[in-house]
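Because only heavy atoms are used, hydrogens play no part in the values below, and waters and symmetry mates are left out as well, while side chains stay in. Protein chains get the first letters and strands the later ones, always in sequence-line order, with residue 1 at the start of each. Quantities reported herein were computed from a predicted structural model and do not represent experimental measurements.
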Amino acid sequence: MMAATLYKTTTDTKSIDKIAGAEIIAPAVDVKPYENVSMLNPVFVLAYNAAYLRANYIYVSDFAKWYYIIDISVDTAGRIFIRCSIDVRQTFGAAFINCPAIITRAESIGQPTLYPDSQLPIHPSKNNVTSIVLHETGNSFSGDGNYCYLLTCIGGEPTA
Amino acid sequence: MAINTEIYGAPETWGTSNMTGAGFKWVNFNATTGEKPRLLNGAELDKTPHGEIIENSVCTQALGTESKYCHIIIENAGELYHCDFDYISWFLSESDDTERNSQNNVSTIQLDNHINSWKPYRPSTYYWNYSDYCRPFAEWKHKKLLFNLKVQLRTGVDVVSTPAVYSIWDITPEILAEYPYISFAYLETYVDNSATDTPNRIGVNQYSQFGISPNVEFDIANIENFQIDYACFKSMLNNAIPLWGMNTISFNEGSNIINIGLCDEEDVHIYSNGVVCAREYTEDFKEYLIQQAACLGLFVRIANDSEIDNSIIPLDNNDIILGVLDEYETGHGEYTRGAENRNNKIWSWSTNRDSNFDPYTPPIPTDPNTYSDTTTFNFIGGLSSMFKRYVLNAAGVDALGQQLFKIGDDIVVDQSDSYQDYQEIILNNFLTNNPVDAIISLKKYPLVNIPHADTSEQLRLGKKQISVVGYRFPYTNFRYLFGAIDVYPRFKNTFLDYAPFTTLEIYVPFCGTKELDTGIYMGHKLSVELQIDFTTGSCDAYIKCDNLVTDTLSGQCAIDIPVTGTESATVDSQITNGIIQGKAARGKATTDFASANFTPSGWVKSITDPFAAASNRFENKLNRAGAEYNVTHSQTPLRSVGTSTPVGGWTIDFNCRLFITYPTGSVINNENPPSFNDEELKQYGHINGFATVEAATMANFKIQGAPSFVVADSINLDGIAATETEKDLIRAACKEGCYI
């Protein structure tokens, strides 16, 4: 016999934390492996309880792993069969998010996101134009200045 | 030369006894399998006669791809193989078996005495046959060796043709006519025998031959791995370092004939009893051979211009070339000649140890450039000595215009003035030229005030000083700063701040607009300077990123104003002619004037009075009327200088502007963490993430307080206690993306 906790979670399967906000269906359930069971895709047998049928997520403490419940079946003997698939995100997520990696997409835009995203829904029709004026520091320019004419004439000085 | 202990082992591991015994052989090159010759164990090391540890780097240089040694062709059993080499080592080939047991072999001593101070470095390689040994030089003196470039010419291209050997400087057209083909070119080695002052050709009366072996590795500490990429060259001729042609080399233990070629592949001709590849000998090919010799960094004799005997020919004689090695000690075929040899770095080598080449630590090319992040501007002077420039205001320009039409008003001619006096007055005032000719241009600039001298003065047009006042302008050009701004990445320096999402365009007054590269300016200070050329009225805008000018624009900022004036010289001649006519009509010899001043009425009076004094004859009346008419109906000629230019550039903004085009709806707010104001983009980011490439952890991209979507294309799972299958699932999950 192994102990397990049944949950009902609505969090996206890509989340590494599906428990926050999840409903605990059964905090301590005795489950038994059905035939030879792999720890990646186990099938458990447990006694019938209608409440268990609402569960979609399970934690098996003996395995220390989290599983999606991918199928539930009931037999005529009143047993519930839960077919599971390991959730590596929940099981190992707290560890692997600190592993060195090459990040290629991220929701966070505080980082220097330099690579153009061709999928980004930005359309040229949504462009705007503004300007910054560089003020000429001396206020030197005018269309109608004072001493603004320059006469150039031949050089040299008179001999008389 | 560096001691490479990784190759040669630590000095303390070197042996002290000479190699003895014959248990020392190598495996021949196997052209079929490509197995390289290698030395088997049994070799030991030596020291100098003085007990000094031998620095055993034997490779002096690398070979540029220009060297034929980099592309050797090997022929074995009719098949051609190619070998490429990078560097060379020098070795001594001995045919006397007793030498390796004797320190006192005559031939060796003679070589030793004149090339280096101790015996050639051991270990020897096993070569040719059991009695032949090749030993690399640990140290040798370049200046002790002189090589003579020789060629073997033939009457025909085939092996049965008659050969004849000449130094290349002995070849005459007559010789070439008889022996037009070359089958072999080589360097013949001479040693400077200081005992007798007679250079001794290596190999004569000796059993030693000087050879070259490419890519020889001498691993002293690990002698079993001692390898020779290729057998050393030992040609059909004694003491020859081949430069071109094909050699037949027989390795030991039978008739394992291998032919080694420095020919081009199309030159290869294989014959049953050896190999000859003959080609036509030309002057171009002669130069080619010289360059091949130069690749090896040697002193080579290539001419016989002097009568100097071989024994005392100095190495800076014009007959001698010396190969040039580049900064990486690589020979490319360049050479110095004669006195230039003294500037060649090899000239300063005392031994080959002075080379910095180490084949196992090839030099790392360094960036030879010097970079600058600032732009400096030059002062231009010396352009104003041939002309004067005055700064005027509008009133001054008006006054100037009036002055240019005011001919004669300032000139006062008395009745007592003679005609000569009148001419002198004209000369002193206008140089006999039109005053308008003294003007080169009048331009208006879009400035409040053109910078000018502090004190004003009356304008001088040629010799004429007029009453108009202006300020002298002493400059050639002037720069105006439009100020600097920070090009701020409003999208937090994401890709949205760069093209094509954000674009920059600069408008500079008088110069127009120009698109700028956001990659250059984003996040930097942008400034614009306008330089006005007061000689031509043109302007240049310099757009700077920080302190470096990265873009320029040109334009025209001055407006040309045409200047008009009277052609006073023409008027003067008209008046003079009128006066002369009047005088002639009166018949008066004197040239005095009756006019009080030089006005049109005065002109008439001066002309008509003489007529009045004449007799009232009909003929004189006619003449008077004609002269009077000519003078009073003279058209005052005008002239203009300069043209008008468009003023359009002045009608728009005098402010310099940076136009920024950016995607609307993509504003990133200043919240912490920042996010797009646009809800669509927010949702996009939450579901799909934004593109990036960063080496980091997924945790680095977590947005505090909310699940954040992150995709990791590759991840290192060291430290994760999971099975391999689970790790594969983790990698797949990371590529798919996780909300962390």
Colleague: Heavy-atom distances under 4.5 Å only: say whether B/Asn688 touches chain A with side chain, backbone, both or neither.
Modeller: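 Both parts, heavy atoms under 4.5 Å.
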
Colleague: Nearest 0.5 Å please: distance from the CZ atom of B/Phe709 over to the CG atom of A/Asp12.
Modeller: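 Separation between the atoms: 8.5 Å.
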
Colleague: Select, from B/Ala722, B/Ala699, B/Cys656, the one with the greatest count of heavy-atom pairs under 4.5 Å involving chain A.
Modeller: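 Highest number of pairs under 4.5 Å: B/Cys656.
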
Colleague: At a heavy-atom separation under 4.5 Å, does B/Leu447 approach chain A through its side chain, its backbone, both, or neither?
Modeller: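 Interface part for B/Leu447: both.
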
Colleague: How long is the gap from CD on B/Glu505 to OG on A/Ser131, to the nearest 0.5 Å?
Modeller: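 Those atoms lie 11.0 Å apart.
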
Colleague: What heavy-atom pair brings A/Leu134 and B/Ser527 nearest, and what distance separates the two atoms?
Modeller: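 Closest heavy-atom pair between A/Leu134 and B/Ser527: CD2-CA, 4.3 Å.
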
Colleague: Going through the distances and angles, do B/Glu736 and A/Thr13 end up as a side chain to side chain contact (heavy atoms under 4.5 Å, CB included)?
Modeller: CA-CA 11 Å; B/Glu736 196 180 37; A/Thr13 55; over 6 Å; no

Colleague: Under 4.5 Å, heavy atom to heavy atom: which of residues 51-86 of chain A reach chain B? Give them by number, or say none.
Modeller: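 Within residues 51-86 of chain A, the residues that come under 4.5 Å of chain B (heavy atoms only) are A/Lys65, A/Ile86.
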
Colleague: Quick check: do B/Lys444 and A/Asp144 have side-chain heavy atoms less than 4.5 Å from each other?
Modeller: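 Yes. Closest side-chain heavy atoms under 4.5 Å.
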
Colleague: For chain B, which residues of residues 15-33 of chain A have at least one non-hydrogen atom nearer than 4.5 Å to it?
Modeller: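 Result: A/Ser15, A/Ile16.
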
Colleague: With a 3.5 Å distance limit and no angle check, can you tell me whether A/Arg89 reaches the backbone of B/Cys738 through a side-chain donor-acceptor pair?
Modeller: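 Here the side-chain-to-backbone pair does not exist.
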
Colleague: In terms of relative ring orientation, are B/Tyr471 and A/Tyr147 parallel, tilted or perpendicular, with 30° and 60° separating the classes?
Modeller: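 Because their plane-to-plane angle is over 60°, the rings of B/Tyr471 and A/Tyr147 count as perpendicular.
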
Colleague: Can you tell me which of B/His452, B/Lys682, B/Met698 forms the most heavy-atom pairs within a distance under 4.5 Å of chain A?
Modeller: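 Greatest number of close heavy-atom pairs with chain A: B/Met698.
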
Colleague: Yes or no on side chain to side chain contact (heavy atoms under 4.5 Å, CB included) for A/Thr11 and B/Tyr739, after CA distance, side-chain angles and deciding distance?
Modeller: CA-CA 10 Å; A/Thr11 308; B/Tyr739 287 100; over 6 Å; no

Colleague: Can you tell me how far apart CG (B/Leu442) and SG (A/Cys153) are? Round to the nearest 0.5 Å.
Modeller: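 Between atom CG of B/Leu442 and atom SG of A/Cys153 there are 10.5 Å.
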
Colleague: What part of B/Ser708 gets closer than 4.5 Å to chain A, counting heavy atoms only: side chain, backbone, both or neither?
Modeller: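 For B/Ser708, heavy atoms of backbone and side chain both lie under 4.5 Å from chain A.
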
Colleague: Side chain from CB out, backbone as N, CA, C, O: work out which of these in A/Asn98 comes under 4.5 Å of a heavy atom of chain B, or both, or neither.
Modeller: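 Both backbone and side chain.
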
Colleague: Using non-hydrogen atoms only, which part of A/Ile103 is less than 4.5 Å away from chain B: side chain, backbone, both, or neither?
Modeller: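 For A/Ile103, the contact with chain B is made by backbone and side chain together.
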
Colleague: Among B/Ala712, B/Gly685, B/Pro446, which residue has the highest count of heavy-atom pairs closer than 4.5 Å to chain A?
Modeller: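 Of the options given, most contacts go to B/Pro446.
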
Colleague: Can you tell me which of B/Asn655, B/Val391, B/Val710 forms the most heavy-atom pairs within a distance under 4.5 Å of chain A?
Modeller: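 Looking at each of B/Asn655, B/Val391, B/Val710 in turn, B/Val391 comes out on top.
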
Colleague: Which bit of B/Tyr684 is near chain A, if near means a heavy-atom gap under 4.5 Å: side chain, backbone, both or neither?
Modeller: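 For B/Tyr684, side-chain heavy atoms alone lie under 4.5 Å from chain A.
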
Colleague: Atom CZ in A/Arg105, atom CD in B/Glu694: separation rounded to 0.5 Å?
Modeller: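 If we round to the nearest 0.5 Å, A/Arg105:CZ and B/Glu694:CD are 14.0 Å apart.
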
Colleague: Would you say that more than 12 heavy atoms from the other residues, nucleotides or ligands in this model lie under 6.0 Å from the NZ of B/Lys735, or not?
Modeller: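 No.
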
Colleague: Under the criterion side-chain contact (heavy atoms from CB on, under 4.5 Å), which of B/Leu392, B/Ile440, B/Ile561, B/Val397 is the partner of A/Leu151?
Modeller: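 Result: among B/Leu392, B/Ile440, B/Ile561, B/Val397, B/Leu392 is the only option passing the side-chain contact (heavy atoms from CB on, under 4.5 Å) with A/Leu151.
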
Colleague: Taking atom CD1 of B/Ile720 and atom OG1 of A/Thr91, what is their separation to the nearest 0.5 Å?
Modeller: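 Interatomic distance, B/Ile720 CD1 to A/Thr91 OG1, rounded to 0.5 Å: 11.5 Å.
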
Colleague: Grab the two heavy atoms, one from B/Phe659 and one from A/Val129, that are nearest each other, plus how far apart they are.
Modeller: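 Scanning both residues, the minimum pair turns out to be CD2-CG1, 4.3 Å.
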
Colleague: Using heavy-atom distances under 4.5 Å, tell me whether A/Phe96 contacts chain B through its side chain, its backbone, both, or neither.
Modeller: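 Answer is both: backbone and side chain atoms of A/Phe96 are under 4.5 Å from chain B.
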
Colleague: List the atom of A/Val88, the atom of B/Glu726, and the distance in Å for their closest heavy-atom pair.
Modeller: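 Closest pair (atom of A/Val88, atom of B/Glu726, distance): CG1-O, 4.0 Å.
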
Colleague: Does any non-hydrogen side-chain atom of A/Thr152 lie less than 4.5 Å from one of B/Phe473?
Modeller: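 B/Phe473 does not reach A/Thr152 side chain to side chain.
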
Colleague: Could you tell me the separation between the CG atom of B/Asp398 and the OH atom of A/Tyr149, rounded to the nearest 0.5 Å?
Modeller: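 The CG atom of B/Asp398 sits 8.0 Å away from the OH atom of A/Tyr149.
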
Colleague: Closest heavy-atom contact between A/Phe92 and B/Ala721?
Modeller: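 Closest approach of A/Phe92 to B/Ala721: CE2-O, 3.5 Å.
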
Colleague: With chain A, which of B/Val487, B/Leu717, B/Val711, B/Ile485 has the greatest number of heavy-atom pairs at distances under 4.5 Å?
Modeller: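 With the most close heavy-atom pairs to chain A, the winner is B/Val711.
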
Colleague: Heavy-atom distances under 4.5 Å only: say whether B/Leu504 touches chain A with side chain, backbone, both or neither.
Modeller: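 Contact with chain A involves no heavy atom of B/Leu504 at all.
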
Colleague: Can you tell me which of B/Pro707, B/Pro500, B/Ala696 forms the most heavy-atom pairs within a distance under 4.5 Å of chain A?
Modeller: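 So the answer, after comparing B/Pro707, B/Pro500, B/Ala696, is B/Ala696.
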
